[in-house]
Amino acid sequence: MEYIALGTGMLVILAGLWAIMTRKNLIRIIIGFSLFDTGIHLVLVAISYVKGGTAPILDSTVCIQDAAQRIVDPVPQALVLTAIVIGLGVTALMLAFAMKMHKEKGTLDIRSFKDLKW
Amino acid sequence: MISPIHIITIGLGVAFALGFVNKKAKNFSATIMLVAIGLMGAISVAWLTALLQGAETVQIFTAGFKPPYSINLMMGIHEAFLTTLINVAGLLGGLYLLQSLKNAGNHAIMVFLVFIMGLNVIIMTRDAFNLFVFMEVVSIATAGLIILTETGKSIQAGFKYMLATGIIAGILLLGIIFAYYFSGTLNIDSLAEANITTLKGGSVAVLMILVSIILELKPFPANGWALDVYEASNPGISAMLSAASATALYFVLFKVLAIANENWYHILTVAGMLTFIGSNLLGIKQNKARRLLGYSSVGQMGLLMAILGLKPILGDKLEFIAATILVSHYLAKAGLFWLAGIVENDNIKNWSALRRKPILLVLFGTFLFVLIGFPPFPSFYGKWELIMQLSSNQHYYVLALILLGSFLEGIYLFRWLGYAIKMDFETLPELNINWNKIIPPVLFGVLVYVAGYFTSALVPELSALNYIPLLFIAGIYFIDSLPAYIKNTVAIIGMSIYGYQILPPLYENDMLRFIFAAIFIGGGILTLTAGYAYKGKRSGFYPVALLMYAGLAYIIQATNTLEFFFGWELMTAGSYFLIIRGKKSMPHGLSYMLFSIAGAYAILAGFGLSFAGTGTYNLSSLAGISSNITIIFSLLAIGFMTKTASLGLHIWLPGAHAEAESDVSPMVSAILLKAGVFGLLLLIINMGHNTETAQIGYILGWLGALTALVGNLAAAFQEDAKRLLAYSSIAQLGYILFALAMMSHLGLLTAMYYSINHFLYKAILFLTIGAVVMRVGTHMMYKMGGLIKNMPLAFIAVLIGIIALSGVPPLSGFGGKWLLYNAILAKGWYLQGAMVLFSGIIAFLYLFKLIYSVFLGQMKDNLRHVKDISIWFAIPVYILIIGIMIISAKPEWVLQPLGDMISQWYPNAALAWNGGLATGPYGYWNGNGIMITVGIMFVSLATWLWMMSRKAVQVKQFNIVYSAEAPQRPETTHISYNIYAGYNKALGWIVAPKITAFWDTMTEWIHSLAQYVRQLYSGNGQLYAIYVLAYIVVVYFTMIF
Amino acid sequence: MDFELKRLGFTLLGLLIVLNWGLLMGAAMRKIGARVGKRYGIPWFQPWINLVKNYAIRTSLSHGIMFYLGPVFRLSGGIGLFLFMPMIIGSQLWLNYSFQGDLVLIMYFQFFGMLGMALGAGEGGHPYSAIGISRGLSQFTTIELPLTLAIISIAIQYDTLSIIEIVQAQQGGFMNWTVFTNPVATIAAMLSLLGVLSHSPFNLVIAPNENPIGPPTEYHGSFLGVLQTNRAILHVVEAALFMNLFFGGATNWFEFFAKTFLIYFWSVFVGVVFPRFRIEQSVSWFLKVPLVIGVLAVILYM
Amino acid sequence: MKNIFTLMILVAFGIMIYPLVNSFKGNDKLPELGNYYAQPENVTKVNSANLVTAVVVTYRGLDTLGEVSILFLTAAIIAFFLKKQTGKHEVRENSEIFTTAAKVLFPLMIILGVYIFMNGHLTPGGGFQGGAVIASAVILMLLAFPEVPVNQKLLSYMESISGIVFVGLAALGALIGFGYLDNAILPLGTFGKFLSAGAVPIIYSFVGLKVGAELSNILVEFKSVQSNE
C-alpha cells in the first residue's frame, strides 16, 4: 500500500515539474506547482505508514497501552498538515501574482514577461 | 535575561496585534513595528554581550520536552551575533522603508515584521522541518516585500522568485522527509549523528537538503530569479535581502553542513567559486545599478560559500574569515542598496548625482572599498587570512580563482566609482533625501570603520600598528569645509610632526628605510607646499593625499607582510583618489586601479606562498624561503612592478600622471613610484642571493632596459608636456629596475642613487611644468613657446631639472650614469647595458623638446601677459634644486652611507672613496672637482663673451633671418609639433601602442565573454525554474561520478 | 700649489695649440674637399681671418639671455672636453684635468655643449634652428650607440674606463694598439666618428641649402666667432679621443698632430665620396651596420 | 528542442530520486520518534487522545506557529497587493435553490467547523481543518450572495485576537511552564475527555478561528478584485 502511495507521489512530483517546465500559461504552471506539492504530500503520507497500523488517535479501539504497536507514525502526518497549509499559502500568492500580471499585459503567457533580463 | 524565544513572541504578537490598529494610523503602526524590531534586537544584543562575557550557550526547549522529541532553538555566540546583525538591519531597513511601508499600509508593516522575525528563527532553530517552515515564512514574506513597489517589473520578479523558491522548497521538503525516514529524527544534531549519507537513499536525501540551501544562496547560473528580484524590488528591500536574508541563509548552510559528508566541501567550493567568478564576470557588462549590486551580492555569497567549502583546510580560522567577509558584505551591500534608493537613477553613469551630497559619495566609496577588501575594513583581514591559509595548504587553484574573481569585481566596482566621481552631474535632478533614508547608510558607513577597527584588534600581527595617522586623516576629513590653506597648513604640520617622530630613529637604525621615508615624507611636505597656490576649499583633496602618504609611511615601517600589505593598499586607495581628481582622469583612474589591484593580488599571493614556506609573516623571513622561490619572487616582483610601471604594466601611467592636478603629478610620479622601488629593493635584498632569483633578475634586467628604451622613445614623440614627463618616469623607473635586477652592490647603489635623483628632478619638472600649465591653460607644448621671457624662474628650474635628468656633468645625473657604467661592466650585462645607455641618450630628444617648446622659440600672442609660476610652486622647486646642487657637488655625502648600507646584503667589492673622488672597479669620478672645473670655466667664458657682446641690441621676436620675409604668426614659426618626424619614421615602430592594443583586446574579450554568458538570463521565469532543477541534477551527477 | 699653477699654465698652452691646430686642420680639409670637387678652395689661413673678422664685428644682436648663453655652453663643452682629456701620455703636465673623471665623463660631457647650443639657438626663434637641432639630436642618439658598444668592448678588453690606463696599455709597439687588438670595436667607433664630426654624409644638421640651416642660423659676430673657436677645438679633441682609445695615444706633440690629422682625414675622405643622408636614413643606417658591428665587438669580449 | 532538454533534465531528476524509492522499505514498526510519542507515560504528559494533534500543537508547536504566520502573511500580502481595485463586477442572479440551501447550510457548516477544531485533541481534525470548513461556509455565502458586503474588520479582529492568544499562550508556557508552547500550563484533565490536554484545545480553537478568518479574508480579497475588464 505504502509503495503505491510513494510511487504515485513520485510520479505526481515528476508530472508537476514537467508542467512547470513546459507549460506556457501561468495558470497551468501554478497547477503544475500544486501537483508538485501534492506529490510531496503523498510521499509524506506514504512514509508515515506502519504496516498494519491505524490512525494515531487513541480511543476505545486503540488504547493507550498498546498504542505504540498499533498506530502509524504521527510525525509525518503532522508535517503534512503544515506542508499543505504552506502549499496553500504559496499557491494563493502565486495566483494573486498571476492575476496582476494578466492585468498588466493582458496575457498569461510566461514568455511575455521578460522585462528583466541579463 | 529574556529568553530568545520571545523574539518570536514579540515579532508575531506585535504583527498580530497590528490588526487592531486603525488602518489610518500608519505612523503609529510603523513606530510599533520599529519598536518591536528594536526589542528583538535588544534581546539578541543582550545575549551577545552575555555570551561574549563568557556565558554558556543556551538551548531553548519547546513544549517542555527535550530534543529530538520537540523542536529546540539555540542561542550561542554565532546565533547571538547573527540575530543582532539581522535585527540591526531590520531596524534600520525598516526606518529606511518607512514611507514605502506606510504607503502600502498596515499589512505591509506586518509582513516586514514577520520577515525579520522569521530570519531570527531560521538562525536559531535546530530542527530541520522547523527550518523549512520558517524558510517558507521568510520566502513568502519576501515575495510580499518584493511587490512593495507595485511595478510590473517587480511583480514579474516576484513571480519568478516564487516559482524558483517553490521548487527549491519542495526539494528541500522531500529531502527532509527522507532524511526523517532514514534517520528517524528531524533534529539537525541528531541527523548529523545518524550519518545517513552512507545509505544510497540517505545520500540523495542529504543532497536534496543541501542543494536546496545552496540554491537559496543563489548560485550561478541558477540565480536569474534572484537577480531580477534585486533589480526590481524597492532598494530598501533589496538591501534586506542582500544583507539580512543572505546572512541568515548562509548560517543555515553552515548549520546544515553538519549532516553532510566530506564530498560536500568540494561541491560547495566549486559551486561557490563558479558563482563568484560567474557573477563578477557578468557584472562587467552591467550598467543598471541595482542589478549590478545583485551580481555583486550573489558573487560575494559565492565566495562565502566557497569559504565554507574550504572548512577542512581553514580549520579554526574559518569563523574569522567568514565573519569578516560576511560582515563586510552585510554592511556594504545594505549601504549600497540604500544609496541606490536615494539616487533613484538606475544607470550607473548617473550616480554622479551623489556628488550633490558629498557625504553620500564618501559613503559610496567606502562601501565599494569594503567590498573589494581594502584596509582598514574587515574584509581586508578576512581575505588576507583566507589567502594565507589557502596557500599554506597548497590550494593554489582556488587561491588564483578567488583573486581572479575579486579582480573582476574590481573592474565594475571601480568603473562605477569612476562614474560617480567624474561624470557630469549638473544635468541630473536634485536628490530627494529624507532623514530616515540617510540615517541607515550613514550609520552603516560608520559601523564599517568601527568593525574594521575591532577586527584589526583580533589580528596579532597588526598590534604594533599606529592608528594616529588614520585618525589624523579622519580629522582632516571633518574639517573639509575649511579653506584649503588652513587644511594645507594642518596637513603639513601633521606630516612634519610625523616625520620628526619616525625619521631620526630610522636614520640611526636603518638607512635604507630612512632614505625612502625621507623621500616620502620630505617629498610629501614639499609637494603639499605647492597646495597653497590653490584657492577655495579643494574638497576631498587632503584626506586622500594624506591617506597615500600614510600608506607609504606604513610600508616603510612595516615589519611583517601584513603591515606591509596594509600600507600598500592604503597607499593605493589614496593615490587612486588623487589621480582621479584630474579633469579627464576617469579612464586613467580606472586603469590605475585595475593594475594596482592585480598587482596587489600578485603581492598577496606571493606573501601567501612565503607564509606557506616559512610559517611567519615576518618581512625578513622572505630571506629564509627555500621552496617556490621562483614563483614567490616573480609574483612579488610583478606586484611591485605594477607600481613602477614596467613595460607591459605601464599603460596606466601616462594618462594618470598627465591628467592629474599640477601638484598631484609630482606626488604620484616622484614619490608614489618609489613605493614599487622600495618593494623591489626589499625583495632583492632578502631574496636576491640565490641562483633562481638571479635568473629572474636576468629577465627583469632586460625588461628594465626595454622599459627604458620604449619609455624614452615614447616620451620623445609626445606633444603633451605632462605626458612627456610621465613617459620619462616610466623610462627612469626602467633604469632603476635594470639596476636593481643586477642584484649587485653597484647595481643597488645605482638604483638607490637614481631613486633619489629621480625624486628630485621629477618633482622639480612636474611641479614646474604643472605650475606653467596652470598659467597657460594647456598641456600642449606646441601651444606654448617663448615663455622664458615671462617665466625665468620656471625656465631655470626646468633647465636644471633636465640637466640633472640627462646625466650631463656636472649635475647629479652624471653620477648615476657613471655608477651605471661601472655596474654594467662589473655585472657583465653589456648588451642590456648598452640599450639602457642608448635610452639615456634618447632622453635628450624629449628634454630638448620640453624646454624648447615651452620656454624658447616663438611666443604665442595669447600668452604674452602670463605671469611667472606661482610662488608656492617655486618654493618647493627651489628647495629641491638646492638638493640637486648638494648631491651634485658632494655625491659622497649620499653615496657613501648608501654604500655602507647596501654592504649589509651585497658586500662592497670595488668602490672606494677618497674625499670627493670615487674609484670604482673601472674608473674614477670626482663630482666635486668637476663641478669646480666646469663652474670656473663656464663663468670665465660667460664673462668673456659678455665683455665682447655687451652692446648687443635686444631685437624683437620676429627679427630673424627668414628668406627676406618677416614671419607673421608665431604658430607657423614655432617648430614644435612632431618635431622628431624623421626619428619617428626610423624608430617609431618600437613605440607603436602594441601593449595598449594587447590590453584593449583582453578587455574586449572579457566583455564579449560576459555578453555571451549573460544571455543565460533570458528573462523567462520558466527557464530559471529549469536551471534550478538542472542545477540539482548536475550536482547529483557530479557527486556520483 | 706650484704644480697646480704649472698644470694650469700647460693646460692653457695646450688649449692654444689645439685651437690653432684645429683651425689649420679645418682649412686643410676644406682645401682637400674643394680640390676633389675640382674647385680652388680657400687659402690655408682663411679660418684665422674668419675668426678675427667675426670677433671684430661691432654690431651685435641678441634674442635674450639663453641666446647669449648658448655659445658659452658650446665653448665650455669643447674646452671642458679638452680639459678632461689627456693629451700627451708620458707627461703629467699634458694630462690636463683628466684626473677628475674617466671615459664616462668624456662621453657625457659631449652633451654639455650640444644641449646649451640647442637651447641658445632655440631662443633665437628661427624655425630652421629648431629643425637643425631636432635633426642633430636625432642623429646623435644613434651615433652614440655604436660608440657606446665600442667603449664597452674596450672597457672589457682593458678592464678599465680610465683613458690614461687604456693608452698605457697600448704602449710598446703599434701592434698593441686597439685598432689591431680589437679591430671590430675600432670599426664601430670609427663609423660613429663620421657622425660625431658631422661631415657628409651625416651633415644634414648644418647642411647649407639655399637658406642657412642649423643651430647657428641666427648667430653672427662674436657669437659666431665663439662657435667657430669651439668647432676647431672640438674636432681636435674628438680626434684625440679616438687616438687615445684606438690608436695608442700620443707620447709627444708630433705624434699627436700626425694621428689626429689622419683620424680627421678619415671623415673628410668619406665625406667627399658619399652624398648626404636624410635624417631617417642616417638614423636607420647607424642602427644597422655600425650597431651590428658594435654588438659583435661586445659579444667577442663577453 | 527545448522540450527535449527539459525532458532530459526531468529524466535525470527521476534517476536521481530513484534511490529514494528503491531504498524505501516501508515501516515495520513505529520509528523512534513516533514510538516515543506513543509511549503511555509520554501520552499522558500531553494527555491528548489525538496524537497528531499532540505533535502539531505541542511537540512541533513551533511549526504550527510558523504555519499560522504563513497564512497570516499570505492574507496580509494579498490584502495590500490586491487592494485599491475598482471596477464593477456584473454578477449573474443565483438560483433560488442555491441561495436557500446556502442559507440553511451556512450555520451548519460553521457549527461543524467549530466542532472540528474544538475536538481536535480527541477526534480527527483540528484547527486547520475546522478553519477550512468555516472558510468553505464563507465561500458558499460569497457565491450565493455576492452583493452582500463582508465585515472584513470583524474578520481581521478575529484573526488578530486568535493570533495574540496563540502567541500569548505559547509565551505563557515559557514563563510559567517548562517551555514555549508547553500545554501543561492548564490542568491536563482526564485523558479522552473534552477538558483534557491542557491548553491544546484552546490553542487549537483559536488556530481554527484564525485560519477560518484568514482563509475567508483571502477569498473575500480575491472576490473583490473580480472585474469584467
Side-chain angles (χ1 to χ4, degrees), chain B residues 786 788-789 799 803 806-809 814 817-818 821-822 824-825 828 830-831 833-834 837-838 841-842 844-845 848 851-852 856-858 922-926 929-930 933-934 937-938 941-942 945 948-949 951-955 957 959-963 973 975-976 979-980 982-983 985-987, chain C residues 55 60-64 66 68-69 71-72 75-76 79-80 83 97 100-105 108-109 111-112 115 118-119 122-127 130-131 133-135 137-138 141 144-145 148-149 152 155-156 160-162 211-212 217-218 221-223 226 278-280 283-284 295 298 302:
Chain B
I788 182 175
K789 303 251 178 346
L799 181 62
I803 292 178
S806 63
V808 168
F814 174 69
K817 301 287 179 199
W818 184 82
Y821 252 103
N822 280 283
I824 289 167
L825 288 169
Y830 307 120
L831 295 177
L837 295 167
F838 174 51
I841 298 164
I842 293 173
F844 284 100
L845 298 183
F848 170 72
I851 195 166
Y852 163 76
L856 306 173
Q858 300 287 344
Y922 288 87
Y924 52 90
W925 160 54
N926 188 342
I930 293 169
T933 309
V934 174
M937 177 180 64
F938 187 83
L941 287 175
L945 189 59
M948 283 193 302
S949 60
K951 285 179 189 157
V953 180
Q954 191 76 24
V955 296
Q957 183 176 351
N959 194 343
I960 53 177
V961 184
Y962 200 72
S963 308
T973 320
I975 300 287
S976 166
I979 191 173
Y980 298 116
Y983 209 66
K985 221 168 176 180
L987 291 181
Chain C
Y55 281 126
S60 164
L61 303 175
S62 169
H63 287 273
M66 197 64 223
Y68 150 75
L69 281 179
V72 177
L75 186 55
S76 298
I79 296 177
L83 289 177
Y97 287 80
Q100 286 180 332
D102 50 23
L103 191 48
V104 183
L105 179 63
Y108 280 89
F109 206 74
F111 298 111
F112 189 85
L115 190 65
L119 299 182
E123 202 183 13
H126 199 292
I131 290 171
I133 295 162
S134 73
R135 289 172 175 176
L137 285 173
S138 302
T141 56
E144 284 285 296
L145 185 55
T148 305
L149 285 163
I152 288 175
I156 309 167
T160 182
L161 280 165
S162 159
N211 292 316
T217 307
E218 276 292 298
S222 53
F223 297 114
V226 166
R278 280 207 315 274
I279 203 69
E280 69 267 22
V283 163
S284 308
V295 170
V298 170
M302 258 167 96

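Note on naming: letters A, B, ... go to the chains in the order of the sequence lines (proteins, then strands), and numbering restarts at 1 for each one.
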[X] versus chain B, heavy atoms under 4.5 Å apart: side chain, backbone, both or neither?
X: C:L83; result: side chain
X: C:E218; result: side chain
X: C:L115; result: side chain
X: C:L149; result: side chain
X: C:L75; result: both

In terms of the angle between their ring planes, are C:Y108 and B:Y821 parallel, tilted or perpendicular, with boundaries placed at 30° and 60°? perpendicular
Please find the pair of heavy atoms, one from [X] and one from [Y], that lie closest to each other, and give the distance.
X: B:L945; Y: C:Y68; result: CD2-O, 3.6 Å
X: C:V104; Y: B:F814; result: O-CE1, 3.5 Å
X: C:F112; Y: B:P809; result: CD1-O, 3.3 Å
X: C:G125; Y: B:I960; result: O-CD1, 3.7 Å
X: B:L941; Y: C:S76; result: CD1-OG, 3.4 Å
X: B:A986; Y: C:V283; result: CB-CG1, 3.4 Å

Going through the distances and angles, do C:T141 and B:Y983 end up as a side chain to side chain donor-acceptor pair (under 3.5 Å)? CA-CA 10 Å; C:T141 56; B:Y983 209 66; 2.8 Å; yes
For chain C, the option from [options] that forms the most heavy-atom pairs under 4.5 Å:
options: B:Q858, B:K985, B:M937; answer: B:M937
options: B:G833, B:S976, B:G923; answer: B:G923
options: B:I803, B:I841, B:L845; answer: B:I841
options: B:N959, B:L799, B:N822, B:T973; answer: B:T973

CZ on B:F844 to CG on C:L137, rounded to 0.5 Å: 8.5 Å
Verify the neighbour count for atom NZ of B:K789: are there more than 12 heavy atoms of other residues, nucleotides or ligands below 6.0 Å? yes
At a 4.5 Å cut-off on heavy atoms, which part of B:I930 comes close to chain C: side chain, backbone, both, or neither? both
Answer with side chain, backbone, both or neither: which region of B:L825 has an atom nearer than 4.5 Å to a non-hydrogen atom of chain C? side chain
Run the side chain to side chain contact (heavy atoms under 4.5 Å, CB included) test on B:Y830 and C:V295 for me, step by step, so that the C-alpha distance in whole Å, both residues' side-chain angles and the decisive distance to 0.1 Å come before the verdict. CA-CA 9 Å; B:Y830 307 120; C:V295 170; over 6 Å; no
Show your reasoning for whether side chain to side chain contact (heavy atoms under 4.5 Å, CB included) applies to C:L69 and B:F938. CA-CA 10 Å; C:L69 281 179; B:F938 187 83; 4.1 Å; yes
